[in-house]
Engineer: 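Here it is, the structure, as structure tokens.
Residue numbers begin at 1 in each chain, while the letters A, B, ... track the order of the sequences.
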Amino acid sequence: MDLDLRAFVTAIRQTEVKSDIDLPVVSDYVMKHIYEPLRRDEKVRFAELDFEAFSEEDIHELNELMEAYSHMEHRLIQLSRRFCETETSTVQHRAFC
Amino acid sequence: MTYDDIREMLPSISAACMYYTYGKLDKLQKLGLDEATDDFYMMYYELLDASADFVCSDYNEYYNTSRWYFSFKSMMEYYRLCRDYCNKRSVSLKANPYMREAELAVDRIMSLNHAYGYGYRLNTRINHQWASGIVLETDEYFDGHEEVLEALLCLDEWFQQGADKLKDDLHSTTVIPFPAAAERKEAA
């Protein structure tokens, strides 16, 4: 069986190429004490946060990072969907033996 | 939790950070808001209620606008002290530099980072409790929700500092007895 990759190749060619992706830089404290617990579905309690260790600007940067990750994830899902929707065809000749 | 779910939680953490900066994190905790939540708008109205010493609001269904009134003990004290200043210096309220200073500060603070869909008015009277305050009117396009919270915290802080400054100014104006008058009194 073979996959008709023409649609897949067309989709890749149509994808915008970005050689450098500028991701926001988020402070270590925010990544460790806010992002990672939330990612694990754990609660973030205000009494356990050290508000001297980060600012509202750091939260804004985390928001931008999450937005960037969400877009990247969405594009990967779209690409994966295209690949899954690719039609199969029966190969006329065996490629081995 | 997905990346989008995490984004939903961040406004509540940002609000906690802001309240901490103004030394009022305990206000959040007293409201039972002690952890990150994805329902910022539920939290938001409780925060608005707790953001000033006196709050009242109403809603106009026909025009789809909300009107809020916020007053602070610090603001009431400030404007009472402004009247004291006027009496002591024999100047009118219009000529009182502290009145103008407050007006400029309120204009700056209530700019709300150029948000849409709102208007406000500053009341400066002291003829009854909570007579001084801010009237805030918002429509359905209003997008300065987080900015309003910070503005109210900032106003309270500004008027507290302003009242302290006014008190210092009023106390520094002491009456020095005229020496000749004192001597004549003794001689008599």
Engineer: Please name the pair of heavy atoms, one in A/L49 and one in A/F54, separated by the smallest distance, quoted to 0.1 Å.
Structural biologist: CD1-CZ, 4.1 Å

Engineer: Checking B/M18 against chain A: side chain, backbone, both or neither under 4.5 Å from a heavy atom?
Structural biologist: both

Engineer: Checking A/I34 against chain B: side chain, backbone, both or neither under 4.5 Å from a heavy atom?
Structural biologist: side chain

Engineer: Counting heavy-atom pairs under 4.5 Å to chain B, which of A/R45, A/E56, A/K43 comes out on top?
Structural biologist: A/E56

Engineer: Which one of B/L48, B/L47, B/I134 satisfies the side-chain contact (heavy atoms from CB on, under 4.5 Å) criterion with B/V148?
Structural biologist: B/L48

Engineer: B/F159 and B/Y78: aromatic ring centres closer than 6.0 Å?
Structural biologist: yes

Engineer: Answer with side chain, backbone, both or neither: which region of A/E73 has an atom nearer than 4.5 Å to a non-hydrogen atom of chain B?
Structural biologist: side chain

Engineer: Charged N to carboxylate O below 4.0 Å: is that the case for B/E103 and B/R100?
Structural biologist: yes

